[in-house]
Amino acid sequence: SIRYLQLITCKNKKSRVIAIGNENVIRIFSRDSAASLTAVLPIPNLTEKSQILSIAYSRQINSLYVLVENNELWIYYTK
């Protein structure tokens, strides 16, 4: 099931939808076609009880920031 959902907009770029499932997989979807564009698999050091605390996604600089329970910040570059 999905526990987080957000619409991301950026001037001069298509909108995206970000979703986090209970399994800690982050997915980025096209708003127009609803197609899954990418999936960030669970972060390797997370235990089953650990959770993603927060995420920030910038279409402008193509970056996804993920803050996890052990105060680690993971940065992914997207295209």
Side-chain angles (χ1 to χ4, degrees):
S1 67
I2 294 174
R3 62 180 180 88
Y4 177 87
L5 190 66
Q6 182 179 5
L7 176 65
I8 306 295
T9 59
C10 181
K11 188 176 181 177
N12 299 322
K13 292 194 176 195
K14 293 184 178 184
S15 296
R16 300 289 185 244
V17 175
I18 299 276
I20 302 175
N22 286 337
E23 71 284 1
N24 285 322
V25 174
I26 301 169
R27 290 181 174 84
I28 301 175
F29 296 91
S30 166
R31 180 179 168 210
D32 296 335
S33 68
S36 179
L37 302 174
T38 191
V40 177
L41 298 178
I43 295 170
N45 295 338
L46 284 185
T47 65
E48 286 186 22
K49 294 183 180 182
S50 295
Q51 293 291 317
I52 294 171
L53 297 177
S54 183
I55 64 171
Y57 177 54
S58 172
R59 290 274 294 137
Q60 188 173 13
I61 59 172
N62 296 317
S63 297
L64 175 67
Y65 301 87
V66 182
L67 179 65
V68 295
E69 219 167 68
N70 56 2
N71 289 324
E72 289 183 2
L73 180 64
W74 286 65
I75 303 171
Y76 297 92
Y77 296 100
T78 61
K79 272 247 166 172

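Heavy atoms only: backbone and side chains are in, while hydrogens, waters and symmetry mates are out.
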Can you name the nearest heavy-atom pair linking [X] to [Y], along with the distance?
{"X": "Thr78", "Y": "Tyr57", "value": "OG1-CE1, 3.4 Å"}
{"X": "Tyr65", "Y": "Ile61", "value": "OH-CD1, 3.7 Å"}
{"X": "Ala19", "Y": "Leu5", "value": "CB-CD1, 3.9 Å"}

[atom2] on [Y] to [atom1] on [X], rounded to 0.5 Å:
{"X": "Asn22", "Y": "Ser1", "atom1": "CG", "atom2": "OG", "value": "3.5 Å"}
{"X": "Ile75", "Y": "Leu64", "atom1": "CD1", "atom2": "CG", "value": "10.0 Å"}
{"X": "Leu73", "Y": "Leu53", "atom1": "CG", "atom2": "CG", "value": "11.0 Å"}
{"X": "Ile18", "Y": "Ile28", "atom1": "CD1", "atom2": "CD1", "value": "4.0 Å"}
{"X": "Ile20", "Y": "Arg3", "atom1": "CD1", "atom2": "CZ", "value": "5.0 Å"}
{"X": "Glu69", "Y": "Ile52", "atom1": "CD", "atom2": "CD1", "value": "10.5 Å"}

Count the heavy atoms of every other residue, nucleotide or ligand shown that sit under 6.0 Å from [atom1] of [X], and state whether that count exceeds 12.
{"X": "Arg31", "atom1": "CZ", "value": "no"}
{"X": "Glu23", "atom1": "CD", "value": "yes"}
{"X": "Lys13", "atom1": "NZ", "value": "yes"}

Membership question, hydrophobic clusters at under 4.5 Å side-chain separation (ILVMFWY): are Ile26 and Phe29 in the same one?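 In one cluster with Phe29: Ile26, no.
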Path from Val17 to Tyr76 over hydrophobic side-chain contacts below 4.5 Å: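 Hydrophobic grouping puts Val17 apart from Tyr76.
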Determine whether Leu37 and Arg16 make a side-chain contact, defined as any pair of heavy atoms from C-beta on separated by less than 4.5 Å.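 Yes - at least one pair of side-chain heavy atoms lies under 4.5 Å apart.
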For the residue pair Val25 and Val40, establish whether any side-chain heavy-atom pair is separated by less than 4.5 Å.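 Sidechains of Val40 and Val25: no contact.
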Counting distance only, does the side-chain N/O of Arg59 pair as donor-acceptor with the main-chain N or O of Ser15 below 3.5 Å?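 Such a contact is absent between Arg59 side chain and Ser15 backbone.
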